[in-house]
Amino acid sequence: METREKILQLLEENARLSIDELAVMTGLDAGTVARTVAQLEADNVILGYSAAVNWEKTSLDPVTALIEVRVTPQRDQGFDHIARRIYRFPQVKSCYLMSGGFDLMVIVEDTSLKAVAQFVSEKIAPLDSVLSTQTHFILKKYKMNGLEFDVRNGDDREAVVL
Amino acid sequence: MNLESFLSQTARSIPASAIRRFFDMASEMKGQVISLSIGEPDFVTPWSIRDAGIYSLEQGHTHYSPNAGLLALREAICAYMKRRFQLSYDPRTETVVTVGGSEAIDLLVRSVINPGDEVIIPEPCFVAYKACVSLAGGVPVPVALRAEQDFKLKPEQLAEAITPRTKLLMLGYPNNPTGAVLSKDEVIALAQVLEDKPILVLSDELYAELTYSPSRHFSIAALPGMKDRTVVVNGFSKAFAMTGWRIGYACGPAPLIAAMNKIHQYAIMCSPSTSQEAAIEALRDPESLVSPMRDAYDQRRRLVVSACRHAGLPCFEPLGAFYVFPDIRVTGLSSNDFCEHFLREEKVAIVPGNAFGESGEGFVRISCAASVDNIREAMARLARFVERRRSHA
């Protein structure tokens with residue numbers, strides 16, 4: 001695997017690894033790792049570093065909905081223009097162009113069911129090129145970005161095994 | 001009634017472990033300590049394998065299998081051995097599925113050792129070799145391997161240990177606890193020593209999948225002339241994180257495997273059917289299951305080696321298995337004292353090197369089968385501990 005990809009894999013799993021730790025773990029020197037990471041950030045390959053949070057265990061418990069949006073692509077712009085108009089709203093956490101029965105999959109997070117419904121009916125549905133929307137609320141999260149929500153912490157192996 | 005007096009000479013002859021006290025202490029503190037003392041993967045068995053085990057139970061496959069193991073599994077094992085290590089065996093006559101690699105070791109020793117026969121055991125090594133030999137009435141002949149020789153068995157040492165009573169050589173590479181591996185040339189040099197002598201080899205290759213670039217495991221059985229006197233022991237525990245399933249196997253010359261199978265049949269009957277069906281799934285696409293775990297061990301091993309050296313402990317670079325075996329003599333402590341104090345003062349469990357043979361004295365075994373966060377924290381505590389001890393010494 002290339003240097004860049006090795007570093008990216010490690011950071012995707014644990015963004016808190018230091019440059020020195022990355023260097024040791026990949027067998028590269030720290031200067032190379034620092035330069036590579038800086039370049040990856042500059043090139044927008046690394047878009048940010050964030051924590052994976054289970055909000056259900058907090059006093060904030062936002063509502064998440066998947067919204068299937070059917071749209072008419074625009075001349076010269078394809079789907080990109082309408083997608084941008086939608087994903088620029090801060091409530092939109094993810095936005096994907098899809099194959100199949102609808103065009104855009106929009107993942108919206110807001111404080112309440114009502115707020116999401118309102119956002120869809122006031123901001124998305126009225127857009128000229130939007131033909132229809134269908135909103136699905138998430139009831140329970142089991143796994144997200146490769147992380148399971150019900151992980152057991154701690155080591156239940158025996159104390160010493162030779 | 002004094003039940004002690006009922007115990008056989010054999011049972012009495014097995015010494016209680018020299019580091020029993022340390023084990024007890026570590027067990028008592030379980031849950032409050034970071035444990036880098038465990039010889040098993042921290043990964044849970046990959047889901048596809050667990051799913052196959054569950055499916056097997058759902059189907060009601062809860063009966064005995066053939067003694068030597070399901071033929072489909074033996075065929076899968078032989079195909080894998082051929083593909084991965086260039087070793088060809090007949091699934092019907094040269095392969096037996098066992099309850100972990102440990103049973104296979106015991107079976108071979110019991111199949112070939114008469115009272116008084118000598119078995120050469122390079123140390124430090126897996127703890128069961130010596131005990132299995134003693135239980136069979138054999139005489140363990142330890143050969144002390146040193147850090148200066150990268151814990152590799154040298155041809156001269158092997159030649160020197162051989163006597164007319166030598167019957168078997170225990171060759172455990174990639175090695176637990178040192179992480180040493182043997183290159184093809186080194187294996188050839190050992191084979192040359194054995195060439196004209198009537199000595200069998202037990203090649204314990206449990207960690208064969210876990211070697212780190214640039215090294216790659218080479219089996220002594222792949223050498224012409226060695227295959228018909230070598231039994232290769234391997235298993236699913238380490239490579240596939242399947243320790244609790246208790247499933248391993250041995251491949252070797254038909255007469256030896258037949259004898260092993262006979263003992264296996266009376267002592268064990270067969271390995272668990274559920275585990276056998278799960279193992280078939282593991283061999284369907286082994287590389288895709290093993291490689292993410294291998295990469296993780298590789299990264300952690302680098303972290304631990306680097307941390308030990310920074311802490312001032314000389315450390316041989318392990319190229320296989322998932323252990324690091326640093327030299328702790330600069331602290332002026334014995335292996336046992338080092339581990340006891342480290343456990344008590346810094347709440348990290350590691351294993352004294354002398355648990356693996358006398359030549360392990362002065363060393364400790366640190367397992368890399370733990371999360372990066374735990375390793376990171378444990379290594380910070382190690383640096384602190386060594387610093388404190390060195391200023392004492």
Side-chain angles (χ1 to χ4, degrees), chain A residues 1-37 40 45-46 49-54 57 140-162, chain B residues 17 19-20 22-42 44 125-128 176-177 212-213 237 243-244 292 295-296 298-307 309-310 339 343 349-352 355-356 365 367 369-376 379:
Chain A
M1 209 188 301
E2 303 284 328
T3 306
R4 277 161 39 109
E5 281 70 16
K6 266 192 206 164
I7 293 173
L8 286 170
Q9 269 193 352
L10 283 167
L11 284 176
E12 192 183 29
E13 206 174 299
N14 182 355
R16 299 181 70 188
L17 293 172
S18 68
I19 295 292
D20 285 338
E21 285 170 321
L22 286 170
V24 169
M25 291 169 83
T26 53
L28 300 163
D29 71 90
T32 309
V33 174
R35 273 192 304 280
T36 309
V37 172
L40 289 165
V45 177
I46 295 177
Y49 301 89
S50 58
V53 178
N54 182 358
K57 289 189 168 178
K140 184 171 179 181
K141 292 180 183 174
Y142 295 104
K143 185 174 180 179
M144 203 173 69
N145 298 335
L147 299 168
E148 295 178 18
F149 278 66
D150 64 344
V151 277
R152 289 169 307 150
N153 282 323
D155 194 338
D156 55 4
R157 293 175 293 168
E158 289 301 308
V160 183
V161 182
L162 303 173
Chain B
S17 173
I19 59 167
R20 191 70 255 167
F22 171 73
F23 284 173
D24 293 343
M25 236 174 91
S27 301
E28 266 168 40
M29 293 174 74
K30 185 185 165 184
Q32 316 153 40
V33 298
I34 298 180
S35 178
L36 304 183
S37 55
I38 309 174
E40 69 172 320
D42 56 318
V44 176
C125 69
F126 178 48
V127 292
N176 167 16
Y212 309 108
S213 175
S237 296
T243 45
D295 289 348
D298 187 13
Q299 292 152 3
R300 298 160 177 187
R301 150 192 94 95
R302 291 164 186 273
L303 275 180
V304 174
V305 169
S306 154
R309 290 181 181 160
H310 270 110
C339 293
L343 178 63
I350 56 175
V351 182
F356 307 95
R365 189 192 76 175
S367 168
S371 71
V372 167
D373 285 343
N374 277 350
I375 287 178
R376 208 192 231 165
M379 292 300 105

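Letters go in sequence order (proteins before strands), and every chain restarts at 1.
- Contacts with chain B were tallied for A/Gln9, A/Glu158, A/Glu13; A/Glu158 has the most, counting heavy-atom pairs under 4.5 Å.
- For a residue to count as touching a neighbouring chain, one of its non-hydrogen atoms must lie under 4.5 Å from one of that chain's; by this rule B/Asp42 touches chain A with backbone and side chain alike.
- In terms of modelled atom types and a separation under 3.5 Å, the side chain of B/Arg300 and the main chain of B/Ala370 share a donor-acceptor contact.
- Contact annotation for B/Val372: only side-chain heavy atoms (C-beta onward) come within less than 4.5 Å of a heavy atom of chain A.
- Looking at heavy atoms from C-beta onward, B/Phe356 lies out of side-chain contact with B/Cys125 at the 4.5 angstrom threshold.
- Contacts between A/Asp20 and chain B at a heavy-atom distance below 4.5 Å are absent for every atom of the residue.
- Panel note: side chain B/Ser367, backbone B/Gly39; no donor-acceptor pair is recorded below 3.5 Å.
- Looking at B/Pro292, there are no atoms closer than 4.5 Å to chain A (heavy atoms on both sides), in backbone or side chain.
- Judged purely by distance below 3.5 Å, without hydrogens or angles, the side chains of B/Ser27 and B/Asp24 never pair a donor atom with an acceptor atom.
- If you measure heavy-atom distances from B/Arg301 to chain A, you find no contacts under 4.5 Å at all.
- Here the side chain of B/Arg365 pairs no donor or acceptor atom with the backbone of B/Ile350 at under 3.5 angstrom.
- The most heavy-atom pairs under 4.5 Å with chain A, out of B/Gln299, B/Glu28, B/Glu40, come from B/Gln299.
- Contact annotation: the side chain of B/Leu36 approaches that of B/Met379 to within less than 4.5 Å [non-hydrogen atoms, C-beta and beyond].
- Of the atoms belonging to A/Leu10, it is side-chain heavy atoms, and not backbone ones, that fall under 4.5 Å from chain B.
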